[in-house]
Student: 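To start, I am sharing the structure in question, which I have written as structure tokens.
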2 protein chains.
Amino acid sequence: MGESAQRPLRADAERSVHAILEAAERVLGEDPAAPMERVAEVAGVARATVHRRFTSRQALVEALADNAVRRLSQAIDDGRPDTAPPLVALHGITANVLRVKTTWSFALDRSTAEGSGTARAQEEIALRCLSLFTRARDAGILDTAADLEWVRRVYYALIGESLRGPDSDTDPDILAERIVRTLLHGFGPRPRASAP
Amino acid sequence: MGESAQRPLRADAERSVHAILEAAERVLGEDPAAPMERVAEVAGVARATVHRRFTSRQALVEALADNAVRRLSQAIDDGRPDTAPPLVALHGITANVLRVKTTWSFALDRSTAEGSGTARAQEEIALRCLSLFTRARDAGILDTAADLEWVRRVYYALIGESLRGPDSDTDPDILAERIVRTLLHGFGPRPRASAP
DNA sequence: TTTAGTTGCGTCTTGGCTGTTGCAATTACT
DNA sequence: AGTAATTGCAACAGCCAAGACGCAACTAAA
């Protein structure tokens with residue numbers, strides 16, 4: 001996490017940067033207009049240090065988004081979207097994504113903003129998601145007529161909704177299960193058990 | 001729309017207030033921290049007029065939320081949630097809500113904030129939504145085992161998602177159709193047509 | 001141990017924004 | 001037509017946040 005990628009930071013500086021990023025996620029997630037002084041407080045550093053490490057509020061938010069998207073991308077890799085069975089991958093990735101989003105929700109929202117340095121990375125993540133849904137459709141898990149772009153958007157919305165409300169601290173695996181079930185089955189009446 | 005409910009405003013003042021509310025929705029929807037000067041510009045009034053009509057930014061946002069929730073509530077009434085057949089009501093209300101949310105999206109987001117004067121009204125709207133889903137479940141449209149609170153949250157998320165992205169200017173009736181279909185059926189493989 | 005990097009502190013400056021006010025001009029209502 | 005309400009304008013005061021800077025103390029790396 002070298003800020004300028006020119007010379008590695010000393011360990012204490014690295015710790016400071018990380019504390020600032022975490023504090024920024026917390027503080028700016030509650031109020032995007034919160035003063036940098038508040039970010040510094042929560043990070044346990046001086047405001048001058050925040051300014052030394054991030055030249056502006058925007059620079060801080062961009063670094064936050066960058067950091068978050070990297071984690072998100074890794075979480076998706078860990079679910080093996082291209083090799084695991086589609087339904088297994090879908091469950092695993094969903095749970096992994098929930099874990100990242102639980103911690104870096106604000107940053108990830110900011111990472112999709114048009115013009116942001118991370119918008120490209122988010123587009124690539126969306127393509128990988130669509131790719132997984134294509135595999136799922138080909139495996140008979142999704143309806144052949146489904147509009148995969150709308151599926152993806154609904155999927156994202158379900159993830160977002162799962163991170164809000166009183167059950168957002170439930171086990172990510174359980175939330176993932178509910179998301180996938182909702183995505184595949186909706187809420188209509190269950191068909192009666194018929195002979196296989 | 002008497003601001004103080006004590007004496008009706010003159011017609012020009014009413015027009016100003018309405019212009020300010022619309023401008024605020026636009027400007028603050030793009031940047032919640034935008035200066036009041038900018039709201040005034042877009043409204044075509046002086047900043048002093050904005051301040052005369054709304055004592056603070058917060059007062060403006062509260063008025064905005066109040067106005068939006070009133071419209072939302074009316075949109076739901078118009079769909080006859082307690083008397084129309086459940087599926088008819090669901091389609092109609094969804095389309096009505098989409099129309100209101102298209103215009104007052106920022107305001108409605110703010111109307112759910114904890115501690116806001118409109119949070120109670122939003123809770124009542126949620127209860128009416130749950131009531132309609134109960135009717136739908138009793139009519140066999142929703143699965144008897146469905147968790148209606150999660151259904152409601154997914155429904156809201158689908159509405160929110162429908163208002164984002166490149167198709168948000170599509171006819172609300174078409175969007176509503178898609179929302180209801182997604183809610184009821186999800187994206188799993190379609191059962192093969194079986195003999196009725 | 002030495003050296004270099006990092007930090008907190010305190011202070012100052014600057015700019016932007018908000019809120020307020022009085023008054024002449026404009027608009028609306030009776 | 002007369003009266004009252006509304007408005008734009010210009011100016012001011014106050015506050016807050018961001019940015020910058022020098023320096024002694026602290027921390028980390030070699």
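Note on naming: letters A, B, ... go to the chains in the order of the sequence lines (proteins, then strands), and numbering restarts at 1 for each one.
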Student: Hey, can you pull the residues of residues 34-46 of chain B with a non-hydrogen atom under 4.0 angstrom from DNA chain D?
Tutor: G44(B), V45(B), A46(B)
Student: List in chain and number order the residues that pass side chain to side chain contact (heavy atoms under 4.5 Å, CB included) with E30(A), two or more places apart in sequence or in another chain; answer none if no residue qualifies.
Tutor: none
Student: Verify side chain to side chain contact (heavy atoms under 4.5 Å, CB included) between H185(A) and D143(B), making sure each step is shown before the conclusion.
Tutor: CA-CA 11 Å; H185(A) 303 299; D143(B) 181 21; over 6 Å; no
Student: Who pairs with R153(A) by side chain to side chain contact (heavy atoms under 4.5 Å, CB included), at least two apart in sequence or on another chain?
Tutor: E149(A), W150(A), E161(B), P166(B), D167(B), R178(B)
Student: Would you mind classifying the nucleic acid contact of A13(B) as base, sugar-phosphate or nothing, using non-hydrogen atoms under 4.0 angstrom?
Tutor: sugar-phosphate
Student: Assess, by modelled atom type and distance only, whether the side chains of Q122(B) and S111(B) contain a donor and an acceptor separated by less than 3.5 Å.
Tutor: yes
Student: Decide, yes or no, whether a salt bridge links D173(B) with R99(B) under the criterion of side-chain N to carboxylate O below 4.0 Å.
Tutor: yes
Student: With sequence neighbours left out, what residues match E177(A) under side chain to side chain contact (heavy atoms under 4.5 Å, CB included)?
Tutor: H91(A), R181(A)
Student: For E124(B), enumerate each residue passing the side-chain hydrogen bond (donor to acceptor under 3.5 Å, both in side chains) test, keeping only those at least two apart in sequence or located in another chain.
Tutor: none
Student: For the helix from dT1(C)-dA30(D) to dT30(C)-dA1(D), measure the angle between the helix axis at one end and the axis at the other, each built from five pairs, rounding to 10°.
Tutor: 50°
Student: What does the B/S/- profile of nucleotides 25-30 of chain D look like, 5' to 3', with a 4.0 Å heavy-atom cutoff to protein?
Tutor: --BSS-
Student: With a cut-off of less than 4.0 Å, is there a side-chain N or O of S56(A) near OP1 or OP2 of dA18(D)?
Tutor: no
Student: Send over the distance from I20(B) CD1 to dT7(D) P, rounded to a whole Å.
Tutor: 7 Å
Student: Atom NE2 of H51(B) and atom P of dT7(D): how far apart are they, to the nearest Å?
Tutor: 14 Å
Student: Please report the distance, rounded to the nearest Å, between CZ in R47(A) and P in dC16(D).
Tutor: 14 Å
Student: For D138(A), enumerate each residue passing the side-chain hydrogen bond (donor to acceptor under 3.5 Å, both in side chains) test, keeping only those at least two apart in sequence or located in another chain.
Tutor: none
Student: Who passes side-chain hydrogen bond (donor to acceptor under 3.5 Å, both in side chains) against R80(B), sequence neighbours left out?
Tutor: none
Student: Could you tell me whether R128(A) atom CZ has more than 12 heavy atoms of other residues or ligands within 6.0 Å of it?
Tutor: yes
Student: With sequence neighbours left out, which residue pairs that include part of residues 126-145 of chain B fulfil the ring pair (Phe, Tyr, Trp, His ring centres under 6.0 Å) condition?
Tutor: F133(B)-Y155(B)
Student: Please evaluate the base of dG8(D) for a donor-acceptor partner in the side chain of R52(B) within a cut-off of under 3.5 Å?
Tutor: yes
Student: Listing request: all ring pair (Phe, Tyr, Trp, His ring centres under 6.0 Å) pairs with a residue in residues 97-118 of chain B, at least two apart in sequence or in separate chains.
Tutor: none
Student: Quick one: do the N67(A) and R70(A) side chains pair a donor with an acceptor below 3.5 Å?
Tutor: no
Student: Would you grab the first and last nucleotide of DNA chain C (5' to 3') that comes under 4.0 Å of any non-hydrogen atom in chain A?
Tutor: dA4(C) to dC9(C)
Student: Categorize R57(A) for me: base, sugar-phosphate, or nothing, with a 4.0 angstrom heavy-atom threshold over every strand shown.
Tutor: sugar-phosphate
